[in-house]
Amino acid sequence: RVPLGLHRVGKLAAGSAQKDITNDFHGTPENPEPRWVQEMGLCAFGGYRLNSRFGDLAGVLAVFGTHPFAPDDEAVLEDLSTTTSYVIQAKYDADALEAANRSLIQRERLATLGELTATVSHELRNPLGTIQASYFLLKNRLANTTDDKVDGALERAGRAIQRCDRIIEALLDFTRETTLHRETTHLDTWLEEELRAYTFPASVTVRMAVEKDIRGSFDRQILYQCL
């Protein structure tokens with residue numbers, strides 16, 4: 001790599017000139033050319049700054065020779081630099097077009113997924129509403145029961161219904177812009193509340209080891225979805 005502003009290639013890259021052609025390629029004591037120039041016996045240099053269509057630097061075309069350039073060589077180098085600029089710009093355009101196509105395909109897929117998600121969510125809401133109504137009916141009928149197993153089953157069913165409702169709401173949120181509802185919350189208290197929504201086997205014992213009074217500002221519902 002040649003530093004910008006140093007030597008002939010660096011000056012072209014820095015924009016000091018658009019082209020530089022010389023048959024006296026030896027540099028000056030203040031700004032000598034690299035050592036390899038002398039080691040290879042180079043005496044001629046033809047350099048062109050390659051610009052994009054917006055005028056930005058696309059590269060530098062540098063041609064070195066051990067023999068002086070003939071008068072007709074400058075026209076050949078000019079044509080070569082123009083062709084090289086076109087090729088580089090064409091590659092940039094092709095890459096930009098490919099990136100745009102990928103972005104368009106991704107947006108189309110997301111739009112289709114959003115429509116499908118909304119449809120499925122609405123279809124799930126109807127049977128879930130029936131299940132919820134049946135749950136409230138059973139809960140009212142069995143309000144005076146003294147059977148701990150029945151009470152436990154009803155409590156788990158209620159939490160499961162609430163969880164399903166939150167999942168559906170999360171699916172619907174995927175199809176629309178979501179606004180975060182941050183609130184300062186004690187992390188340990190929030191974890192205890194959310195863990196109650198889970199049903200663990202009798203052989204599993206859950207213990208929390210969270211420092212007290214740790215507060216955070218977050219959206220409780222969205223963070224719950226990460227659990």
Side-chain angles (χ1 to χ4, degrees), residues 1-118 120 170-180 182 216-219 222-223 225-227:
R1 294 180 178 272
V2 179
L4 291 178
L6 294 180
H7 311 304
R8 295 181 184 274
V9 174
K11 289 181 179 180
L12 289 170
S16 300
Q18 291 298 312
K19 68 178 182 178
D20 182 6
I21 298 179
T22 181
N23 286 324
D24 185 18
F25 187 38
H26 301 295
T28 64
E30 295 79 14
N31 188 21
E33 297 298 341
R35 180 179 300 176
W36 53 265
V37 172
Q38 299 178 3
E39 293 175 349
M40 298 182 66
L42 301 177
C43 66
F45 172 81
Y48 288 82
R49 176 185 168 91
L50 306 177
N51 298 319
S52 69
R53 68 163 60 96
F54 305 108
D56 301 325
L57 175 66
V60 173
L61 174 66
V63 180
F64 303 89
T66 56
H67 300 282
F69 291 132
D72 295 338
D73 291 338
E74 184 174 349
V76 175
L77 293 175
E78 188 85 35
D79 291 341
L80 181 60
S81 69
T82 301
T83 301
T84 305
S85 294
Y86 286 153
V87 171
I88 293 175
Q89 187 61 54
K91 180 63 169 63
Y92 286 163
D93 292 343
D95 291 344
L97 180 60
E98 183 179 356
N101 285 334
R102 287 198 301 266
S103 178
L104 179 60
I105 292 173
Q106 182 68 12
R107 285 199 297 269
E108 290 176 349
R109 288 177 177 174
L110 288 175
T112 302
L113 180 60
E115 293 176 1
L116 178 61
T117 300
V120 171
L171 288 173
L172 291 174
D173 286 341
F174 180 77
T175 65
R176 56 182 181 244
E177 292 186 3
T178 303
T179 301
L180 293 178
R182 296 176 180 269
S217 178
F218 53 86
D219 188 308
I222 291 181
L223 188 59
Q225 297 170 15
C226 300
L227 291 178

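Quick caveat: nothing in here was measured; it's all calculated off a predicted structure.
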>> Do Gln18 and Asn51 pair up side chain to side chain, a donor and an acceptor below 3.5 Å, judged on atom types alone?
In response: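 Distance-only check passes for Gln18 and Asn51.
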
Could you tell me the separation between the [atom1] atom of [X] and the [atom2] atom of [Y], rounded to the nearest 0.5 Å?
X     : Y     : atom1 : atom2 : value
Leu80 : Leu50 : CG    : CG    : 9.0 Å
Ile21 : Phe45 : CD1   : CZ    : 9.0 Å
Asp93 : Ile88 : CG    : CD1   : 12.0 Å
Gln89 : Asp56 : CD    : CG    : 9.5 Å
Phe64 : Met40 : CZ    : CE    : 9.0 Å

Residue pair [X] / [Y]: nearest heavy atoms and the distance that separates them:
X      : Y      : result
Arg182 : Ser217 : NH1-O, 3.3 Å
Ala44  : Pro68  : CB-CA, 4.1 Å
Glu74  : Lys19  : OE2-NZ, 3.0 Å

> Can you tell if the side chain of Tyr48 reaches within under 4.5 Å of the side chain of Val60, non-hydrogen atoms only?
Replying inline: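 They are not in contact (no side-chain heavy atoms under 4.5 Å apart), so the answer is no.
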
>> Contact between Arg49 and Leu61 at the side-chain level, heavy atoms closer than 4.5 Å - yes or no?
In response: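 With C-beta onward as the side chain, the pair stays apart.
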
Is the side chain of [X] donor-acceptor paired with the backbone N or O of [Y] at a distance under 3.5 Å, no angle test?
X     : Y     : result
Asp73 : Ala70 : yes
Asn23 : Phe69 : yes
Thr83 : Asp79 : yes
Ser81 : Glu78 : yes

